[in-house]
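For reference, the structure discussed in these notes is given below.
Reminder, nothing fancy here: chain letters follow the sequence lines and each chain counts from 1.
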Protein chains: 2
Amino acid sequence: MNISEKITAGETTPEDRSLAIREALRNAIIDRRLAPGTKLSENEVGALFDVSRTVARAALQMLTFEGLVKTERNRGAFVSNPTPEEARQIFASRRLIEPGIIAAAVERITDADIEEFRRQLQEEESYMNERGPAARRAEIKASGDFHLMLASVAGNVILQRFMDELVARSSLVIALYGRTGVSSCGHSEHFAILDALQAGDGERAAALMLHHIDHIEADLDLQIKQGLGLKDALTLA
Amino acid sequence: MNISEKITAGETTPEDRSLAIREALRNAIIDRRLAPGTKLSENEVGALFDVSRTVARAALQMLTFEGLVKTERNRGAFVSNPTPEEARQIFASRRLIEPGIIAAAVERITDADIEEFRRQLQEEESYMNERGPAARRAEIKASGDFHLMLASVAGNVILQRFMDELVARSSLVIALYGRTGVSSCGHSEHFAILDALQAGDGERAAALMLHHIDHIEADLDLQIKQGLGLKDALTLA
DNA sequence: ACTGCCAAGATTGCATACGATTTGCACATC
DNA sequence: GATGTGCAAATCGTATGCAATCTTGGCAGT
């Protein structure tokens, strides 16, 4: 486990450090710096962030709630290893929620928001032109941020939190099951959605969003790894 | 704070006791045995369930994540006191999610499920015929259980968890802002939804569900109590 | 009599300590 | 050589202790 954000997380927060740790681990997980299945021992996490097990434990507990880590009693916490079924449910949930978010966002979005979105899309674009795993991770994250900003604009904090979780888990799934470079497609779709939004055409934006989610999911290879860890081990042996 | 389920929660769980405590507190909150604003001190909770502050704290942390309690740093945890705005967002979220759940449920529901649902509706009915706050609480809970069972049938564990949270918070909101006996209306609506479901008519079931949610929200009085607790105290004085 | 300050009490935040459970390895046995 | 058993290391679950922070009551000064 090597998490470079260690210091970044530990200093700027005079308050709840467990929140900072949660954030750092969260980023590490969705950036895929922490691979699924990685063990997150309380001792280790605590040592890395220079806190006691108590606060490390709290952070892990939060992540467990978000579905990013799975804890087994008396065994420890592990970075979640989503099954294809989970992946399908995640995207099914997104297909349900995101059109609603679009509908709310189209009512509330301001010019300043649109400006901000354009900046965000440019950032995506810049990552898109680079190669290598780091750029790909950054792209996945930036892509997720687009959806998160949308949820933020929609103005429903509950849905926003749901999307927070869904996007994070999606990133994990994409990193796990994603094939190559369809993300470029995703980027242009973000653009189209924003255009529809700017035009005030919620219907079209929602339809585009559904399409977009379909595309993301279609890019996944959810056939393999169907079995559980046990089966995997057996077939691999 | 007097929670009678104390022993029930503490004994049957050889495993994680904090989960049991969370469940007990959860029930107490949505049953309105714990009024919004009630302070939940770690010491007190721990003493009630005969555990240390550590595990009590974990339970409170979980409830905070669910939005049922609010914690203020260095001040403690309090039963959540949803604002009208929060209430609106809760119901907006439900309007978005529940039709989707219906759509999934209509595909997967079995005869056995329908049987189970009928039993559930009968239980609701029995509470409906009684009077008194206890019966009303039980009715609210039973009514929520209907929606939860629906989510369970839909087979998407993520949406199920979202609904878990939304229903719990709805119960709190209804108890806070609800007027009198529109719940009877709600019951018949449950029945109509189940009928549509049994007939395999997802469209109608979804439409009925939307109507149902609208009715529930329409029964709320979300105008008053706009201000914080302070103003409340002042106007009451 | 009212306002501002200070100290005592209470409660949380965090660290550490101890017991329980699991895992892996070594050793004895077949 | 393979297998089963037992011990030891590691890790989690929980309790408790101490420091920091907030609240509250009283006291002095104006």
A:Glu116 and A:Gln120: side-chain donor and acceptor closer than 3.5 Å? no
In terms of ring plane angle, is the pair B:His147 and B:His190 parallel, tilted or perpendicular, where the classes change at 30° and 60°? perpendicular
Nearest whole Å is fine: how far is [N] [atom2] from [X] [atom1]?
X: A:Arg73; N: D:dT14; atom1: CZ; atom2: C1'; value: 10 Å
X: A:Phe78; N: C:dT23; atom1: CZ; atom2: C1'; value: 11 Å
X: A:Asn74; N: D:dC12; atom1: CG; atom2: C1'; value: 5 Å
X: B:Lys39; N: C:dA10; atom1: NZ; atom2: P; value: 12 Å
X: B:Glu42; N: D:dG17; atom1: CD; atom2: P; value: 16 Å
X: A:Glu72; N: C:dT21; atom1: CD; atom2: P; value: 17 Å
X: A:Asn43; N: D:dA10; atom1: CG; atom2: P; value: 11 Å

Does the side chain of B:Arg17 get closer than 4.0 angstrom to OP1 or OP2 of D:dG13 through an N or O atom? no
Test applied, salt bridge (charged side-chain N to carboxylate O under 4.0 Å, His left out); reference residue, A:Glu66; option that passes from A:Arg22, A:Arg161, A:Arg169: A:Arg22
Go through the structure and list residues passing side-chain hydrogen bond (donor to acceptor under 3.5 Å, both in side chains) with B:Ser80, not counting sequence neighbours. none
Partner set under side chain to side chain contact (heavy atoms under 4.5 Å, CB included) for B:Thr71, not counting sequence neighbours: B:Thr64, B:Ala77
The side chain of B:Arg75 is closest to which nucleotide in this list: C:dT21, C:dT12, D:dC22? D:dC22
Using a heavy-atom distance cut-off of less than 4.0 Å, which residues of residues 51-63 of chain A contact DNA chain C? A:Val51, A:Ser52, A:Arg53, A:Thr54, A:Val55
Between B:Asp164 and B:Arg26, is there a salt bridge with N-O shorter than 4.0 Å? yes
